[in-house]
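Below is one structure, written out as structure tokens; comments come after it.
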Number of protein chains: 2
Amino acid sequence: MTKASNASTEPSSTIADRIFDQMRQAIVEGGIPAGSKISEPVLAARYGISRGPLREALRRLESIKLVERRANVGARVIQLNSDQLLEIYDVREALEGMAARIAAERMPEGAIEELKALLAHHRGDIARDDWQTYFQEEGDLDFHFRIVQGGGNRRLVDILCNDLYHLARMYRCQFGMRSERARDALKEHELVVDAIAARDGELAEWLMRRHIRASREAIARRLVP
Amino acid sequence: MTKASNASTEPSSTIADRIFDQMRQAIVEGGIPAGSKISEPVLAARYGISRGPLREALRRLESIKLVERRANVGARVIQLNSDQLLEIYDVREALEGMAARIAAERMPEGAIEELKALLAHHRGDIARDDWQTYFQEEGDLDFHFRIVQGGGNRRLVDILCNDLYHLARMYRCQFGMRSERARDALKEHELVVDAIAARDGELAEWLMRRHIRASREAIARRLVP
DNA sequence: ATCCGCAGCATTGTCGACAATCAGGATTGA
DNA sequence: TCAATCCTGATTGTCGACAATGCTGCGGAT
């Protein structure tokens, strides 16, 4: 149960919101194939709703860049290519670096303790060569999620958790992220947490940026071998 | 004529898009007061359209955080308080710093020349004590806009130009930005451009971040005197 | 006098139908 | 044979009406 999927906590009172959540999950996890065309009537029939709420859900999916729409033509699920993926990592480097700095300045002590406990849990997973669990449960994104939330900058939280992390998950579900970097990543995570616990914002930012840059390089290396 | 308002170049074939543009401008410039409640029937009547396209426009305005919606209650224009404004500047510092770094690495020479010409124009404005023109034409945002676009990272362009810059304009229109910082800002702009022209990405990022941080401090000083 | 419950009203959410627009294929002319 | 054109089919955009939900004011009970 990852904290990153916190949208299900609300009762989703309106149909459009519920369809939005369902479609987002389906797109991220591959249930709706990337690049496929979306026909409003058939999707409305599949979900058993009218076109009105479906269109609103599509608008929201468009706003988080999971589908592309052209007027009078229709909507397609995005097809993430390598360039866009690397662009996302540039944005993440900048944003999460700032998030780590703010977290070092303002994250409550209790949240830092929870973060340490989470890392201890991850350490146990990796020691048991349990990589699959680690990445399948998206412990990595959970770690990043908590740091971003720890600083309390709502706009930062919004951009990262509502937009970019879904793309990251989509990439992992689609290309089947192998986890040879899990051990290094965990080590980098620990350094970041140490800097945050020491309230060293500048170091936390530097370490987080280096960590994300390393992930980016690992992906770039796998993308164009 | 600022490049930042490039949405009017398209014919806006669909009504919802046109209404979205109109309402965005009205909210940013104060035509629709901040914090006011939005009634779908009265607004639809005012614009002479049905509620369908209006609702889609509202969804898009919600996605760029210009209006807030609650299910079964309605939509309100956002009320920007000082905390959120400072949060935006933190995000801008991170994002535009990265943008300056990328611009230094990849911006075409021609675009750099145009940037220099723009700064020369601004220098002339300020030398004539023509501050009002400088800020009224939003030369500042135009400068930032060009640098963000120069790097070619589409996601960076999207976040900054479609979300954050509108908020910045809204703040200026609402609180009447005085321009005692215009002279300093211009000097900082010139340093950034010099670093980009020298292809020094690290320096460009550092200068841009310091520039935005200085703007943030100036605002914070005026906010709680 | 204050608080709770209820009814009425206004607003939002949802639906089905109509009009406008675009994509693709058949047709015709050079 | 190739290209341009028109037509057809389907899909999207828009509209008005109905249903569901939340807010507001009043009446009554404590």
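Numbered from 1 within each chain, the chains take letters A, B, ... in sequence-line order.
- Taken residue by residue, residues 37-60 of chain B places heavy atoms nearer than 4.0 Å to DNA chain C at B:K37, B:I38, B:S39, B:E40, B:P41, B:R51, B:R55.
- The CG-C1' distance, from A:N72 to C:dC22, rounds to 7 Å in whole Å.
- Counting 5' to 3', DNA chain D first comes under 4.0 angstrom of a heavy atom of chain B and last does so at the ends given by D:dG13 to D:dG22.
- For the contact set between residues 63-71 of chain A and DNA chain C, defined by any heavy atom under 4.0 Å, the members are A:R70.
- Using a cutoff of 4.0 Å between basic side-chain nitrogens and carboxylate oxygens, B:R154 and B:D158 are not scored as salt-bridged.
- Between A:Y171 and A:L80, the shortest heavy-atom distance links the atoms N-CD2, 4.2 Å.
- Residues meeting the side chain to side chain contact (heavy atoms under 4.5 Å, CB included) test with B:A197, sequence neighbours left out: B:I112, B:K116.
- Across every non-hydrogen atom of A:I49 and A:I15, the tightest pair is CG2-CG2, 3.7 Å.
- Distance CG (B:D17) to C1' (C:dT21): 14 Å, rounded to an integer number of Å.
- Judged by distance alone, with hydrogens and angles left aside, the side-chain atoms of B:R209 form no donor-acceptor pair with the main-chain N or O of B:G97 at under 3.5 Å.
- Under the 3.5 Å distance criterion, with hydrogens and angles disregarded, no donor-acceptor pair is assigned to the side chains of B:R60 and A:S63.
- Counted by atom type alone, A:D140 and A:H189 present one or more donor-acceptor pairs between their side chains at under 3.5 Å.
- A search for salt bridge (Lys or Arg N to Asp or Glu O under 4.0 Å) contacts involving B:D90 returns B:R216, not counting sequence neighbours.
- With A:F20 as the partner, the side chain to side chain contact (heavy atoms under 4.5 Å, CB included) test is satisfied by one option alone out of A:T14, A:I64, A:L54: A:I64.
- Between B:R76 and B:E68 no salt bridge is recorded (no basic side-chain N to carboxylate O distance below 4.0 Å).
- Of the charged side-chain nitrogens involved, none lies within less than 4.0 Å of a carboxylate oxygen, so that A:R18 and A:E56 do not count as a salt-bridged pair.
- In terms of modelled atom types and a separation under 3.5 Å, the side chain of B:R199 and the main chain of B:A104 share a donor-acceptor contact.
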Could you go through nucleotides 6-8 of chain C and list every protein N or O atom that sits under 3.5 Å from one of its N or O atoms, giving the distance for each pair?
none

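- The number of heavy atoms from other shown groups lying within 6.0 Å of CD (A:Q25) does not exceed 12.
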